[in-house]
Amino acid sequence: MEASSSGSMVSAVTSGKAKTHQPEGREDLQVNQLETQIWIKPDIQKTDVDFSEILNAIQEIAKDVNIFFDELEGVNSPSKDDDSLLHHGNLTSTSDDASRLEVVGEEVPDKNKTNGLYFRDGKCRIDYILVYRKSNPQTEKREVFERNIRAEGLQMEKESSLTNSDIIFVKLHAPWEVLGKYAELMNVRMPFRPFNPFNAGAPCILVRCCFLNGHFIEINGRSRRSRRKIYYLHRRYKFMNRIEKQISRFRGWLPRKPMKLDKETLPDLEENDCYTAPFSQQRIHHFIIHNKDTFFNNATRSRIVHHILQRVKYEEGKNKIGLNRLLSNGSYEAAFPLHEGSYRSKNSIKTHGAENHRHLLYECWASWGVWYKYQPLDLVRRYFGEKIGLYFAWLGWYTGMLFPAAFIGLFVFLYGVTTLNHCQVSKEVCQATDIIMCPICDKYCPFMRLSDSCIYAKVTHLFDNGATVFFAVFMAVWATVFLEFWKRRRAVIAYDWDLIDWEEEEEEIRPQFEAKYSKKERMNPISGKPEPYQAFADKCSRLIVSASGIFFMICVVIAAVFGIVIYRVVTVSTFAAFKWALIRNNSQVATTGTAVCINFCIIMLLNVLYEKVALFLTNLEQPRTESEWENSFTLKMFLFQFVNLNSSTFYIAFFLGRFTGHPGAYLRLINRWRLEECHPSGCLIDLCMQMGIIMVLKQTWNNFMELGYPLIQNWWTRRKLRQEYGTQRKTSFPQWEKDYNLQPMNAYGLFDEYLEMILQFGFTTIFVAAFPLAPLLALLNNIIEIRLDAYKFVTQWRRPLASRAKDIGIWYGILEGIGILSVITNAFVIAVTSDFIPRLVYAYKYGPCAGQGEAGQKCMVGYVNASLSVFLVSDFENRSEPTSNGSEFSGSPLKYCRYRDYRDPPHSPVPYGYTLQFWHVLAARLAFIIVFEHLVFCIKHLISYLIPDLPKDLRDRMRREKYLIQEMMYEAELERLQKERKERKKNGKSYHNEWP
């Protein structure tokens with residue numbers, strides 16, 4: 001039976017191979033369905049078929065079939081799950097992994113003695129580094145701690161620094177037994193070896209089966225892509241094949257996948273997408289272990305060692321435990337895993353391969369030459385861990401989603417440029433040489449022609465045009481689509497990275513919490529052990545004090561904004577009386593520009609204060625665990641910085657020029673300073689200047705602090721080393737010495753990176769109706785930001801500990817809150833800040849087309865004159881009467897001037913009262929806000945409902961994989977029990993009630 005079935009498989013394989021060698025065979029490939037994995041036994045003696053020839057011949061078919069898997073997966077993220085896959089030359093052969101490992105294993109010890117990654121024997125790899133000073137008085141704690149480390153099975157080696165004899169490096173290595181023990185305790189998922197259903201005792205070749213053009217095809221399982229997870233491919237019809245054929249011919253003239261990394265010249269980037277299962281020492285034979293030294297990658301090894309160090313005592317007592325406490329009390333100066341060598345190489349990576357994973361990351365991720373390519377997320381996750389990998393996955397997804405938003409925003413701006421010459425409003429403003437506007441400040445501001453603001457009217461039209469409302473609706477929907485599809489993307493990443501079933505461990509209690517509440521204990525409902533307890537009354541009182549502190553700091557922000565308002569009111573008169581004509585004629589623009597720059601400086605200074613206040617308030621609350629502390633600190637810092645960054649923008653958008661009164665009856669601050677008015681062309685130009693300057697300066701400063709500051713610090717350290725020891729000595733430093741001289745990662749982890757992007761997301765969405773170019777600026781910044789962060793992680797920072805995480809945490813909720821706020825603010829910006837509603841009311845009610853249902857440019861004739869009210873110059877207050885009488889315009893003193901408002905003329909029964917048009921505009925504004933918000937929120941909720949959080953194909957793949965793994969483990973266990981039963985019978989032992 002076995003021979004005949006094998007023969008049928010062979011004939012199918014050969015027929016499939018002949019089929020695919022037709023001229024257009026590549027386009028005609030049809031993969032109908034991917035069946036279950038099948039094991040075949042190459043040493044069957046009843047058949048004469050040469051399996052080696054068949055498997056060699058079918059490799060070309062496998063290359064073509066893999067194209068479909070790449071298309072199904074979308075953006076392939078290169079990864080490598082085994083250190084043995086690194087090569088030091090251009091591999092052209094397809095030799096077996098095990099044989100290559102043996103060759104590499106012979107060369108490693110001699111080289112490892114000098115590369116600083118191993119113990120002195122060149123065999124034990126360094127998994128973790130502890131640093132302390134001999135002059136530190138905490139000697140006894142360290143000795144107890146290190147003695148307990150050895151008791152846990154970790155190997156230790158000490159070495160003094162080459163630059164400072166007072167600094168001691170403690171090198172730690174975890175043997176295989178320790179790694180296996182704690183990997184099982186930590187539920188570390190590792191590559192899983194499927195079961196051979198034919199005969200477990202025979203050597204097996206893993207094959208993948210599919211239907212190719214109607215023939216049953218088996219793909220050789222010895223390639224690295226053989227252990228891939230099982231996917232389903234939809235049936236392709238002839239019509240779709242014809243379309244794909246034409247598309248493929250067109251794409252033949254274009255570069256082939258220019259944004260993907262070149263896997264032919266960089267063979268290290270081949271993916272290794274295997275079935276995984278929680279590691280178990282009892283079932284170790286089920287896991288794919290080519291080499292025990294490289295089975296656990298470096299990130300996993302360091303994570304296991306860190307897990308051990310966090311649970312080792314350094315003194316007698318239940319709370320005297322863990323490395324974090326020793327770092328906080330100064331017993332150890334630093335603790336970090338090692339980088340995998342230098343990130344630079346004398347040889348080209350395309351010809352000689354990558355020296356190590358750090359070098360590979362630098363060449364294919366952190367280098368500026370690959371700025372347009374996709375990120376190798378699997379490699380980032382493998383080297384830095386899932387938490388950092390998720391950050392870069394989110395950042396890349398956010399950047400990719402900015403492309404349509406930036407394109408539409410640029411289109412809105414270009415639409416304003418192309419329609420500028422046809423805009424009736426700007427034409428009337430530029431031609432209004434006979435309309436004289438009232439002064440915008442007391443005494444020193446002169447009368448001015450409306451035509452003098454022609455440039456500002458044209459610039460305003462670039463951002464406030466007919467496409468602005470569409471763009472505001474689009475951005476509100478875009479924010480929802482971005483978040484919904486990120487949930488789907490995160491689910492795919494969590495599946496690929498084995499995070500679906502991962503749950504965070506029960507967190508340890510913070511030492512500060514234990515020290516504060518050690519006298520009060522209660523039983524933990526999960527662990528059943530006594531633990532410190534914080535009374536409800538104490539917790540509420542601390543939260544009230546913290547909330548009061550937050551409110552006080554928000555008041556400080558409001559006070560700073562109030563100071564900026566006073567500055568604008570005072571300086572507009574000063575600039576109006578300035579000697580230079582350029583500043584005197586543009587006094588309001590000069591006031592706005594200087595106020596924005598001063599506001600930016602205040603923002604940066606207050607950010608430093610806010611960080612200290614947030615830290616103090618968070619510690620005052622006494623959170624129980626580190627995650628609670630991190631969430632509380634994150635929420636406070638975001639709230640502080642969001643209010644600090646956007647308070648002035650909210651003032652300009654919704655308050656500037658809204659409550660100024662009218663000429664002759666101006667509202668004043670403290671009955672002294674007249675409130676600032678908008679420019680004759682509107683307030684939107686001030687809002688655009690505020691957003692543009694703040695956004696550019698903020699992003700530039702953040703990029704400098706993220707990369708420039710570490711670069712300067714590391715350069716200064718290298719300079720001192722060169723002066724003291726020379727260039728040659730520095731190059732011979734071991735890896736732990738080089739890493740120690742790098743900058744440590746931020747104390748708050750990825751907080752600063754997330755906060756920067758979240759604040760940028762707020763700028764991109766909240767006031768986007770006033771500044772359509774914000775998504776474009778954000779896109780350009782993020783393209784640079786990804787490479788800056790990559791360069792910083794790879795070259796300027798010590799290697800952070802690889803941590804696991806399922807999502808981006810509390811930041812997702814903050815993003816949803818910003819998305820809701822953006823709908824409200826954009827509705828108010830369109831209705832209140834821009835002139836969209838007044839123009840609409842004029843076109844349909846008061847213009848030449850009133851009652852005709854039209855609103856084109858011809859319907860806007862006379863709008864400027866209708867939007868300006870008349871003021872009698874003799875009605876000016878004494879303290880606001882201008883020094884000039886306006887005789888320079890007509891040769892005689894002016895009797896009337898105009899101002900932006902809907903008020904009755906001075907000779908009406910109720911002088912300067914609101915006109916009917918004012919109430920129509922106000923009603924239309926309120927109606928627009930209500931309709932816009934309800935419509936957009938309905939669209940957002942509809943999109944959220946229609947887009948499932950988990951893709952259907954992913955759900956099917958998860959169910960299929962779970963089913964197959966259960967079957968494999970059941971069959972393996974059944975085969976093991978049957979084998980044990982046979983051995984008992986051979987030994988003459990029998991037991992009753994055996995199963996099966």
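Checking side-chain atoms of Q735 against main-chain N and O of L338 turns up no donor-acceptor pair under 3.5 Å. A distance-only check finds no donor-acceptor pair linking the side chain of R150 to the backbone of Q155 [under 3.5 Å]. A distance-only check finds a donor-acceptor pair linking the side chain of S302 to the backbone of N298 [under 3.5 Å]. D127 places a side-chain N or O within 3.5 Å of a backbone atom of A174 that can act as its donor or acceptor partner. Distance alone, capped at 3.5 Å, is enough to place a donor-acceptor pair between the Q310 side chain and the N324 backbone. Proximity of a side-chain donor or acceptor of R799 to a complementary backbone N or O of P337 within less than 3.5 Å is not detected.
Residue W371 qualifies as open at atom CH2: its count of foreign heavy atoms under 6.0 Å is 12 or below. Around the NZ atom of K387, the shell of radius 6.0 Å holds no more than 12 heavy atoms that belong to other residues, nucleotides or ligands.
For the side chain to side chain donor-acceptor pair (under 3.5 Å) with T163, the lone residue among S160, S161, S165 that qualifies is S161. When the options I149, L154, L326, V144 are evaluated for a side-chain contact (heavy atoms from CB on, under 4.5 Å) with V312, the one that passes is I149.
Between K158 and E146 there is a salt bridge, with a side-chain nitrogen of the basic residue lying less than 4.0 Å from a carboxylate oxygen of the acidic one. A salt bridge between R798 and D739 is absent, with no side-chain N of the basic residue lying under 4.0 Å from a carboxylate O of the acidic one. By the 4.0 Å N-to-carboxylate-O rule, E386 lies close enough to R381 to be salt-bridged with it.
Ring planes of W176 and F296: tilted class, angle from 30 to 60°. Classified by interplanar angle (parallel below 30°, tilted 30° to 60°, perpendicular above 60°), the ring pair F295/F287 is perpendicular. Between F119 and H173, the ring planes lie perpendicular to each other; the angle is over 60°, past the 30° to 60° tilted range. Ring orientation note: the planes of F169 and Y740 are nearly perpendicular, at an angle over 60° on the 30°/60° scale.
Annotation: salt bridge (charged side-chain N to carboxylate O under 4.0 Å, His left out) contacts of R133 (sequence neighbours excluded): D166, E333. Checked against salt bridge (charged side-chain N to carboxylate O under 4.0 Å, His left out), R142 has no partners two or more places apart in sequence or in another chain. Contacts of E753 classified as salt bridge (charged side-chain N to carboxylate O under 4.0 Å, His left out), with partners at least two apart in sequence or in another chain: K792.
Side-chain atoms of W394 and D807 form no donor-acceptor pair, as typed in the model, at a separation below 3.5 Å. In summary, the side chains of Y383 and H339 do present a donor paired with an acceptor at a separation below 3.5 Å, with no hydrogens or angles considered. Between the side chains of H307 and R311, a donor-acceptor pair is found at a separation under 3.5 Å. Side-chain polar atoms of E355 and S342 form no donor-acceptor pair below 3.5 angstrom. Side-chain contact of Y132 with Q138: a donor-acceptor pair under 3.5 Å is absent, judged by distance alone. No side-chain donor-acceptor contact under 3.5 Å links N347 and S345.
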- Item | Stepwise side chain to side chain contact (heavy atoms under 4.5 Å, CB included) check, I168 with K134 | CA-CA 7 Å; I168 303 298; K134 290 190 293 184; 3.4 Å; yes
- Item | R303/M186 under side chain to side chain contact (heavy atoms under 4.5 Å, CB included): CA gap, chis, key distance, verdict | CA-CA 10 Å; R303 185 158 57 91; M186 297 169 63; 3.8 Å; yes
- Query: Would M156 and K171 count as a side chain to side chain contact (heavy atoms under 4.5 Å, CB included) if you check the C-alpha gap in whole Å, the side-chain angles of each, and the deciding distance to 0.1 Å?
  - Reply: CA-CA 6 Å; M156 184 183 303; K171 299 176 284 186; over 6 Å; no
- Task: Output, in order, the C-alpha distance, side-chain angles, deciding distance and verdict of side chain to side chain contact (heavy atoms under 4.5 Å, CB included) for L323 and Y314.
- Result: CA-CA 9 Å; L323 175 63; Y314 59 85; over 6 Å; no
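For the pair L172 and I126, the minimum side-chain heavy-atom distance is 4.5 Å or more. Two residues are said to be in side-chain contact when any heavy atoms from C-beta on lie closer than 4.5 Å; Y343 and N356 fail this criterion.
In plain terms, the two heavy atoms of L379 and H357 that are nearest each other are CD1-CD2, 3.6 Å.
Aromatic ring centres of F392 and F793 lie closer together than 6.0 Å.
Distance check: K292 NZ to I284 CD1 gives 5.5 Å after rounding to the nearest 0.5 Å.
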